[in-house]
Amino acid sequence: MLPLGGMRTGRALRALLLLLSCAWLQPAAASRLKSPALPIQSEREPVPSKGLSGCSFGGWFYSLEDTWHPDLGEPFGVMHCVQCFCEPQKSRRGKVFGKVNCKNIKQDCPEPHCDHPVLLPGHCCKTCPKGGDKLSESLPDPGFEYFQEKGKEKEDDLHKSYNDRSYLSSEDMVPGESRTDFVALLTAVTESWLPSSNGVARARFSLTRTSLAFSITYQRMGHPSKIIFLDSDGTTAFEYKVPKGQSDMICGVWKNLSKPLLRQLQNEQMRITMATSTSRREEVEGKIIKHRALFAETFSSTLTCEDQNQAMGGIAMLTLSDTENNLHFILLLQGLLTHTHTDPPLVPIKVQLLYRQHVLREIRANITAHDPDFAEVLMDLSSRELFWLSRGQLEIAVATEGQDPRQISGFITGRKSCDTIQSVMSSGDALTPGKTGGVGSAIFNLHDNGTLDYQVQVAGLSGEVVGLTIELKPRRRHKRSVLYDLTPEFEGALGRARGSWSRLEARHIHMLLQNELFINVATAHSQEGELRGQIRSLLYSGLGAPRHELPTPLAGQLVAPPVQTSAGGHAWISVDERCHLHYEIVVAGLSKGDDLAVNAHLHGLAEIGEMDESSNAPKRLLAGFYGVQARGVLEDLSAELLQHLDRGAAFLQVSTKLNPRGEIRGRVHVPNNCELGAQSEAGDDSEGGEVLARDPEELKKDPNTCFFENQHHAHGSRWTPNYDKCFSCSCQKRTVICDPVICPVLTCARTIQPEDKCCPVCDERKEPTDTTVPEKLEEHTEGCYFEGDQKMHAPGTTWHPFVPPFGYIKCAVCTCKGSAGEVHCEKVTCPVLTCSRPVRRNPSDCCKECPEEEKPPAGLEHADMMQADGTLHCKFGKNYYQNSDNWHPRVPLVGEMKCINCWCDHGVTKCQRKQCPVLTCQNITRKDDECCPECLREEEEEDLMMKVADKKPSWRH
């Protein structure tokens with residue numbers, strides 16, 4: 001299904017679009033194959049201006065000599081055995097540009113030095129099991145390389161099963177929604193007319209698609225009034241006004257970054273400034289950079305100088321070893337060292353670990369002013385040092401030595417950000433997975449002194465709660481490792497627990513911020529645990545939903561009638577002063593049908609409606625689930641639904657393919673004062689033209705009004721134009737958009753065309769049995785209600801979806817599937833054209849086509865897939881397939897992908913990867929000829945461990 005919200009953002013079938021239009025490889029490499037199936041070609045985008053040289057590939061910009069694995073989108077995923085390289089080239093005029101070269105690297109895989117190598121998920125080459133490789137005797141460098149190796153280990157763990165590893169699954173994110181972290185150290189501006197300052201700020205950024213979320217902390221300066229992002233030319237690219245009520249943590253989101261700015265961000269060419277508006281105006285600035293340590297960082301410190309007007313500062317990013325009590329850290333310093341005109345000599349510094357001004361550890365080293373970053377490790381922290389670390393009482397100080405010593409220092413605390421630490425507990429994620437229909441929800445807040453506040457709620461359980469615990473990942477199957485027991489604080493009558501955990505150890509803080517802890521709910525029916533969930537950080541979204549409050553639980557037991565499901569979820573919902581609904585939903589364990597077609601990761605749809613099941617009021621579609629999250633803003637809520645929200649008589653539910661009438665649900669209570677409905681810029685969207693036509697003078701004053709056919713139309717209104725009754729027009733901020741009406745398919749044999757209507761209807765005289773068809777759509781609930789056009793559609797009919805305020809979406813077709821009321825919308829697949837200069841004949845056309853002289857033969861000409869009534873063929877690569885044909889796609893440089901099956905469904909190509917079972921074992925392998933990974937048998941594990949026992953090296957971190 002394609003959700004209404006998903007079509008608004010163009011993400012409804014991103015997997016298919018990536019598959020058919022974003023699988024770019026270098027043409028020369030692809031041409032070596034006899035018949036490439038996918039349109040593999042270099043992206044036709046100009047090299048970025050302003051002196052940037054590199055390669056444009058898959059919507060991203062890569063610097064010269066960068067390497068990457070191409071991502072073909074779902075269901076194909078990342079081609080780990082194909083490596084692309086941005087090769088520097090020179091034009092005749094000497095200008096340097098980038099050229100993409102891709103090759104298959106499988107033949108370059110090294111020979112594993114063990115008897116039984118395994119192919120891990122997400123890898124191209126076989127490797128030795130953990131402990132089975134003949135590792136070199138050299139120890140790893142205890143500095144920056146540790147963060148690199150730690151990051152690699154974490155990335156490898158992303159592909160392991162949920163119960164096996166506690167890290168985030170790759171399916172948790174929307175396809176194509178990879179995340180990149182950045183950091184910036186902001187210090188006082190030294191070459192500015194503004195008074196100097198000793199303020200220091202640390203900014204952490206997370207980029208997902210085109211949104212950049214940022215969390216900023218600052219010290220030794222007043223409350224900032226604005227934050228400005230500067231591009232490579234020093235021009236303001238984005239300005240964020242800091243709300244007055246915010247604390248010392250500033251949270252914000254920069255949305256819809258343009259491609260040029262994304263490239264500059266990826267190439268570390270952007271800066272950020274932050275200024276106060278107080279009488280003593282202060283300003284700090286810094287460069288936004290990528291840093292490998294961000295992936296592993298769990299503790300941090302902002303280093304400042306006690307002396308006034310010293311434009312210097314630093315940040316320390318720290319992490320604990322996974323097994324030993326070693327504290328690894330990286331320092332980013334600014335202004336501590338002075339630059340010289342000659343080659344910079346080595347400057348001696350000392351780094352001290354302090355407790356109440358007493359030196360616990362000291363490291364001396366030499367660094368240069370041009371490369372002031374420093375990495376080191378403090379070995380074997382004592383139990384007292386670890387205790388002080390957990391309480392935020394350790395201080396790290398960096399000082400220069402010599403004639404003019406300078407020093408900066410700061411206390412070490414747990415990593416700070418605007419993200420929310422939360423957990424959804426479901427029966428599907430229990431150590432013994434089940435389908436109970438219950439749910440648990442928890443939110444946490446970590447303080448600088450190591451105290452962890454928690455709020456937990458449960459709903460729909462099969463029995464009384466007998467245990468509520470925070471745990472580690474089991475070391476052995478069904479062998480739980482309990483860290484903290486929350487059961488004494490649990491109130492059974494309310495189904496809630498609230499309290500603080502004040503004895504958090506440094507190791508526990510590290511694991512909490514690395515998403516390595518779980519929360520378990522045991523009941524009288526399931527002593528080992530009926531519900532279980534991973535505790536992990538939820539990226540700050542910038543929406544108005546208050547995350548500091550317990551969210552609304554979503555459970556199968558709350559659906560009418562109850563659903564025995566393995567899924568669970570929770571949702572934050574709020575209504576702002578403009579009566580717009582903000583929502584953020586997180587789910588776990590949603591069921592996936594076997595026939596989800598190309599949108600294999602479209603897990604379900606989120607809806608909101610009235611609790612009264614006898615009411616015929618339709619549900620409002622919020623969004624679709626392509627991972628485990630859905631969020632957004634709904635601006636056109638009706639007054640009735642807002643009243644239901646105010647009274648607590650509304651519900652939010654998530655529907656799936658297997659449970660189209662609701663798989664999980666929760667009652668929503670959002671107090672509001674919106675008796676007249678949501679406020680828009682020019683009145684109600686649904687009937688804006690009729691309402692505002694009564695006051696034409698007000699319409700004339702509105703700057704967003706459209707003037708069309710000698711009449712004023714309100715922003716968001718819809719109407720049928722006088723010039724053609726088969727068009728529907730809408731007004732969108734002074735712009736009129738008119739689209740042709742798509743008539744539904746009639747089931748009767750004879751039709752007539754009424755003069756006052758656009759679409760034909762069944763001939764009542766010839767087909768008396770069909771005369772009641774239109775009335776049935778109104779009198780009975782059979783069929784589908786579509787929110788866009790607010791109409792019922794008969795089973796089997798197709799139409800272009802109408803999405804306010806954009807009008808008819810001509811690149812999508814919706815179909816009413818059966819009597820269950822399920823609307824299935826799909827993006828139209830445009831054909832791959834063989835001509836060099838395709839054209840779009842009409843601005844409203846969905847697909848480009850070849851000019852007349854370059855068109856393919858008539859027998860293979862692409863018909864209008866939106867309007868055709870007959871069976872349509874599918875074109876995939878250079879091959880044509882008839883309806884219902886099945887095939888395995890071929891990818892250049894990789895070959896036939898037997899784990900993916902494609903088929904032709906009435907002109908639309910659909911592909912799906914074979915669904916693999918979730919594995920709960922630790923040792924996972926994948927055979928060359930198998931699609932899914934599998935667990936090593938016990939005898940294979942024992943045999944493997946016996947063979948590598950003598951080879952296992954001793955690692956120190």
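- One finds the NE2 atom of His508 at 13.0 Å from the CG atom of Leu446 (value rounded to the nearest 0.5 Å).
- A donor and an acceptor atom, one from each side chain of Tyr218 and His223, are located under 3.5 Å apart.
- With rounding to the nearest 0.5 angstrom, the CD1 atom of Ile443 is 11.0 Å from the CD1 atom of Ile421.
- Enclosure of atom NE2 in His525 is not indicated, since only 12 or fewer non-hydrogen atoms of other residues, nucleotides or ligands lie within 6.0 angstrom.
- Here Lys290 does not pair with Asp181 in a salt bridge; the nearest charged N to carboxylate O distance is not below 4.0 Å.
- Every side chain to side chain contact (heavy atoms under 4.5 Å, CB included) that Lys287 has, sequence neighbours left out, goes to Glu268, Arg271, Ile289.
- Across every non-hydrogen atom of Asn198 and Arg220, the tightest pair is OD1-O, 3.5 Å.
- Trp501 places no side-chain N or O within donor-acceptor distance of the main-chain N or O of Tyr454, the cut-off being under 3.5 Å.
- Proximity of a side-chain donor or acceptor of Thr523 to a complementary backbone N or O of Val465 within less than 3.5 Å is not detected.
- Donor-acceptor pairing under 3.5 Å is recorded for the side chains of Arg179 and Ser206.
- In this structure, a donor-acceptor pair under 3.5 Å is absent between the side chains of Glu471 and Tyr484.
- The structure places OG of Ser300 at 13.5 Å from CD1 of Ile330, a figure rounded to the nearest 0.5 Å.
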Determine whether Gln514 and Thr298 satisfy the following criterion, side-chain hydrogen bond (donor to acceptor under 3.5 Å, both in side chains), listing intermediate values before the conclusion. CA-CA 7 Å; Gln514 284 288 296; Thr298 50; 5.6 Å; no
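- Interatomic distance, CG of Leu360 versus CG of Leu389, reported as 11.0 Å (0.5 Å rounding).
- Checked for salt-bridge contact, Arg361 and Glu395 miss the test: no charged N lies under 4.0 Å from a carboxylate O.
- Salt-bridge formation is not detected for the pair Arg503/Glu505: no Lys NZ or Arg NE/NH1/NH2 atom is positioned less than 4.0 Å from an Asp or Glu carboxylate oxygen.
- The shortest heavy-atom contact between Asp419 and Tyr540 is OD1-N, 3.0 Å.
- A donor-acceptor contact closer than 3.5 angstrom is absent between the side chains of Glu528 and Thr432.
- The side chain to side chain contact (heavy atoms under 4.5 Å, CB included) check on Ala203 picks up Ala184, Leu186, Phe205, Ile216, with sequence neighbours excluded.
- At distances below 3.5 Å, not a single donor-acceptor pair connects side-chain atoms of Arg536 with backbone N or O atoms of Glu516.
- Not one N or O on the side chain of Arg480 forms a donor-acceptor pair closer than 3.5 Å with the backbone of Leu431.
- To the nearest 0.5 angstrom, Leu486 atom CG is 11.5 Å from Asn520 atom CG.
- Heavy-atom minimum distance, Leu320 versus Leu386: CD2-CD2, 4.3 Å.
- Glu385 contributes a side-chain N or O that, together with a main-chain N or O of Ser382, makes up a donor-acceptor pair within less than 3.5 Å.
- By the 4.0 Å N-to-carboxylate-O rule, Asp448 lies too far from Arg391 to be salt-bridged with it.
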Run the salt bridge (charged side-chain N to carboxylate O under 4.0 Å, His left out) test on Arg364 and Glu362 for me, step by step, so that the C-alpha distance in whole Å, both residues' side-chain angles and the decisive distance to 0.1 Å come before the verdict. CA-CA 7 Å; Arg364 295 178 181 270; Glu362 184 174 286; 3.0 Å; yes
Passes side-chain hydrogen bond (donor to acceptor under 3.5 Å, both in side chains), Gln422 versus His570? Steps please. CA-CA 10 Å; Gln422 52 85 51; His570 61 203; 2.9 Å; yes
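- At distances below 3.5 Å, at least one donor-acceptor pair connects side-chain atoms of Ser301 with backbone N or O atoms of Gly410.
- The two residues Ser390 and Leu504 come nearest to each other via the heavy atoms CB-O, 3.4 Å.
- Residue pairs meeting the side chain to side chain donor-acceptor pair (under 3.5 Å) criterion with at least one member in residues 490-499, sequence neighbours excluded: Gln455-Arg498.
- Of all non-hydrogen atoms in Asn366 and Pro348, the two that sit nearest each other are OD1-CA, 3.2 Å.
- Checked by atom type, the side-chain pair Glu297/Thr319 shows no donor-acceptor distance below 3.5 Å.
- By the ring-ring contact (aromatic ring centres under 6.0 Å, His included) test, Tyr355 pairs with Trp388, sequence neighbours left out.
- Ser526 contributes no side-chain N or O that, together with a main-chain N or O of Gly529, makes up a donor-acceptor pair within less than 3.5 Å.
- Minimum interatomic distance between Val284 and Gly199 (heavy atoms only, all atoms of both residues): CG1-O, 3.5 Å.
- With hydrogens and angles disregarded, a donor-acceptor distance shorter than 3.5 Å links the side chain of His291 to the backbone of Ala293.
- Using modelled atom types, one side-chain atom of Arg406 and one backbone atom of Gly335 make a donor-acceptor pair closer than 3.5 Å.
- Side-chain contact, Asp453 with Ser500: a donor N or O sits under 3.5 Å from an acceptor N or O.
- A disulfide bond (SG atoms under 2.5 Å apart) check over residues 380-425, counting only residues at least two apart or in different chains, returns the pairs Cys251-Cys418.
- The side chain to side chain donor-acceptor pair (under 3.5 Å) check on Ser502 picks up nothing, with sequence neighbours excluded.
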